[in-house]
Amino acid sequence: MITKQDCRKINNYIWEISTSFKPQMTVPVWIFADEELLEEALKDLSVTQAVNVACLPGLAGHVAIMPDVHQGYGMPIGGVMAARVPDGIISPGAVGYDINCGVRVLASGIDYKSAKRHLPELATALYRNCPSGVGGKGSVPLSAEELDKMCRQGAKWALEKGYATEEDLQRTEEFGCLEGADPNSVSKRAKDRGRGQLGTLGAGNHFLEVDVIEEIFDQDAADIMGLYEGCLAIQIHCGSRGFGHQICTDYVQDFQLAVINYGIQLPDRELVCAPISSKEGQAYLGAMKAAANFAFANRQTLAYHARQSFEEVFGSQTGNHALRQVYDIAHNMAKIEQHNINGEEMTVCVHRKGATRAFGPGFEGLPPEYQEIGQPVLVPGSMGTESWILLGTEANDALSFGSSCHGAGRVMSRSKAKKEIRGERLRGELEKEGINVRAGSLPGLAEEAPQAYKDVNRVVETVSQAGIAHKVARLRPVAVVKG
DNA sequence: ATGTTC
């Protein structure tokens, strides 16, 4: 059991567990949290899991955990780990089962007050046009060849098919395509699961939400990002569906043998990994990129259907009615990046699991207008609560390998939430607050109740005070579509 | 998160 006494306070928002805590640790753990969130993080296995991650071979700097952290498979959700290249490792469990789970925000000039009476109709149109639910099938089934092509090209495939604009791609992490995706490293089973799932939302905490931009904190940045106070925006939160899930399952199994072959000592079987330079490590990296590109194409296809829904309700998409992309960012991904770590320029494989990239101003992988302000960080709150749009900072390179938080973070397990919260009653409460709810499953709705999550405002305040990201805008939900 | 246990 890890207690507060094991955490050395670096400042009001950063705590450290040093390598002397456990002999096998190769790097320290940094916890980004205020006192209350630190106590929250110590209640489940989050910090224990972060300490386990810090025992892996070939790490750089420290393991970071975000204020929205909660326990996950092997590595906590809300964790960041950097492995040295070429002598470090890559771990499927440190990316997560939902490879490139992520979020996309599009914003409009449609005034909420004048659009309010159309929201029930809009929610219904979005629910109809964006298939959801476990096993949900999309409207664009792909041949085996087309799936491979989509996996190599990501959102570029969607551009070719007419589901995207050039600006959408510009305003997507990695421009919507990770180079080096390898469909040959993806099992037939994963492909069979994925072929029918493009353009689907899925279930669990995945959702599509209509929000009103409630408050602006950085007017200059908001102008550049196209965020207008009092106007409608949408969030699309989903990932690589059964495709990415199967890839993770396959490689977690494969790597059991790799761990033995390469003589890697593990603190937890769930942290199976392989040397990043090994054939096993490279195969996973190629497959993970294929899943990441699937997710980029998936959110792009959903954005297309969302735009169609807006058009059905508000008429032709011209002028103020256009839904312009703000950004699209991954929550679960491993990336080869350069970072200055303890004064040394290093190439590392940054594993972000329930954490986003949050690069500061000047980063070349951004469109010109964002190079001035830094990379947008999209932080969806729990259902029925606020969401945030932030910007990455220059300082976060040394703090978190250029990473930030990804959401509110669970405090109640799915099973407990399902037992304690009635979906029907929750729907009534949300509707009473003026949120139009379209949910395929009431027990599913209960799992995502606001009470099951931390306070997203507190999480955002922490990353802001810690210097990882800064506030641009707060969003309030007015319609939610869920599986 | 997930054809919620091949």
Side-chain angles (χ1 to χ4, degrees), chain A residues 44-46 49 68-79 91-103 131-138 141-142 147 186-208 235-254 256 270 287-288 291-292 294-296 298-299 302 329-334 351-356 380 382-383 406-419 423 439-449 452-453 482-483:
Chain A
D44 68 9
L45 290 174
S46 297
Q49 291 183 329
D68 53 334
V69 72
H70 57 105
Q71 69 186 59
Y73 183 86
M75 171 151 144
I77 294 150
S91 171
V95 171
Y97 271 84
D98 191 3
I99 297 165
N100 192 3
C101 172
V103 65
S132 61
V134 176
K137 289 263 192 293
L142 303 176
L147 178 75
V186 177
S187 68
K188 181 177 183 299
R189 195 166 171 191
K191 290 177 181 178
D192 287 343
R193 285 181 71 173
R195 275 173 52 181
Q197 292 189 314
L198 187 76
T200 63
L201 206 47
N205 70 350
H206 289 165
F207 63 80
L208 194 154
Q235 293 186 83
I236 298 166
H237 178 206
C238 65
S240 50
R241 308 287 286 103
F243 185 68
H245 192 276
Q246 187 63 48
I247 287 171
C248 185
T249 304
D250 292 340
Y251 280 92
V252 162
Q253 192 178 7
D254 281 6
Q256 305 285 344
E270 293 184 353
M288 186 217 72
F294 182 108
F296 282 133
N298 191 29
R299 290 195 288 276
L302 285 163
I329 184 124
H331 287 165
N332 288 3
M333 204 124 91
H351 295 62
R352 296 188 181 89
K353 180 182 184 183
T356 71
S382 56
M383 180 180 59
H406 87 306
R410 264 191 182 280
V411 282
M412 196 189 286
S413 70
R414 293 184 180 282
S415 52
K416 192 175 175 206
K418 207 182 271 189
K419 208 182 296 175
S441 152
L442 284 173
L445 194 72
E447 286 184 9
E448 298 306 316
Y453 282 84
K482 275 188 47 59

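Below, chains carry the letters A, B, ... as their sequence lines are ordered, and counting in each starts from 1.
Between A:Arg410 and A:Ile77, the closest side-chain pair of non-hydrogen atoms is not below 4.5 Å.
Put simply, CG on A:Asp192 is 15 Å from P on B:dC6, counting in whole angstrom units. Atom P of nucleotide B:dT4 and atom OH of A:Tyr73 are separated by 17 Å, given to the nearest angstrom. Between the CZ atom of A:Phe243 and the P atom of B:dT2 there is a distance of 14 Å, rounded to whole Å. Distance A:Tyr97 OH to B:dT2 P: 13 Å, rounded to the nearest Å. With rounding to whole Å, A:Asn332 atom CG is found 11 Å from B:dT2 atom P. If you measure from atom OH of A:Tyr251 to atom P of B:dT2, you get 20 Å, rounded to the nearest angstrom. Atoms CD (A:Gln253) and P (B:dT2) sit 20 Å apart, rounded to a whole Å. Atom NZ of A:Lys482 and atom P of B:dT2 are 10 Å apart (whole Å).
Put simply, A:Arg414 has no side-chain N or O that comes within less than 4.0 Å of OP1 or OP2 on B:dT4.
Residues satisfying the ring-ring contact (aromatic ring centres under 6.0 Å, His included) test with A:Tyr251, not counting sequence neighbours, are A:Phe255, A:Tyr284. With sequence neighbours left out, the side-chain hydrogen bond (donor to acceptor under 3.5 Å, both in side chains) criterion links A:Gln256 to A:Arg269.
Using the six-membered ring where Trp is involved, A:Tyr97 and A:His245 have ring planes that are tilted, between 30° and 60° apart.
Within 4.0 Å of A:Gln197, counting heavy atoms only, lie sugar-phosphate atoms of the nucleic acid but no base atom.
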